[in-house]
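What you see below is based on every heavy atom in this structure, not just the backbone, and it leaves out hydrogens, waters and symmetry mates. Please read these numbers as outputs of a predicted model, since none were measured by experiment.
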Amino acid sequence: ACRLAFSWVMVLAGYEATPAEEIPADDVVRLPGKPESWNGNGGKPLTEVPGAVLGKARTWLFDKDEKKNAGLIAAIDTVLEDRRLEDEAA
């Protein structure tokens with residue numbers, strides 16, 4: 001109830017006045033920052049990572065812990081499949 005009355009204080013302090021709950025989440029799936037074999041692609045969105053690197057990353061994630069990494073593996077599979085379908089359509 002007091003957020004509007006005091007939001008200017010946050011702005012003066014250098015923060016955003018918008019609460020975190022109102023900021024849309026970043027739904028972009030990114031390649032984790034490790035291991036070093038990602039050839040400088042760690043942290044990039046999966047759609048910007050070369051297919052060869054995605055293949056290596058998928059294998060590494062699968063071998064490391066298939067269950068823990070299931071969501072990321074599925075996202076990599078989706079990106080690779082989308083690229084395959086685009087190549088077939090071209």
Quick check against the 3.5 Å criterion: does Arg30 have a side-chain atom that pairs as donor or acceptor with the backbone of Lys44? no
Of all the heavy-atom pairs spanning Val29 and Ala75, show the shortest one and how long it is. CG1-CB, 3.9 Å
To the nearest 0.5 Å, tell me how far Arg58 CZ sits from Leu31 CG. 13.5 Å
To the nearest 0.5 Å, how far apart are CG in Asp82 and CG in Leu46? 11.0 Å
Evaluate the side-chain proximity of Arg83 to Leu54: yes if any heavy-atom separation is below 4.5 Å, no if none is. yes
Can you check whether Leu72's main-chain N or O pairs, donor with acceptor, with Asn69's side chain at less than 3.5 Å? no
Report yes or no: does Trp38 contribute a side-chain atom to a donor-acceptor pair with the main-chain N or O of Pro32 at less than 3.5 Å? yes
Does the side chain of Val49 reach to within under 4.5 Å of the side chain of Val79, using non-hydrogen atoms? no
With rounding to the nearest 0.5 angstrom, report the CH2 to CD1 distance, Trp60 to Ile73. 10.5 Å
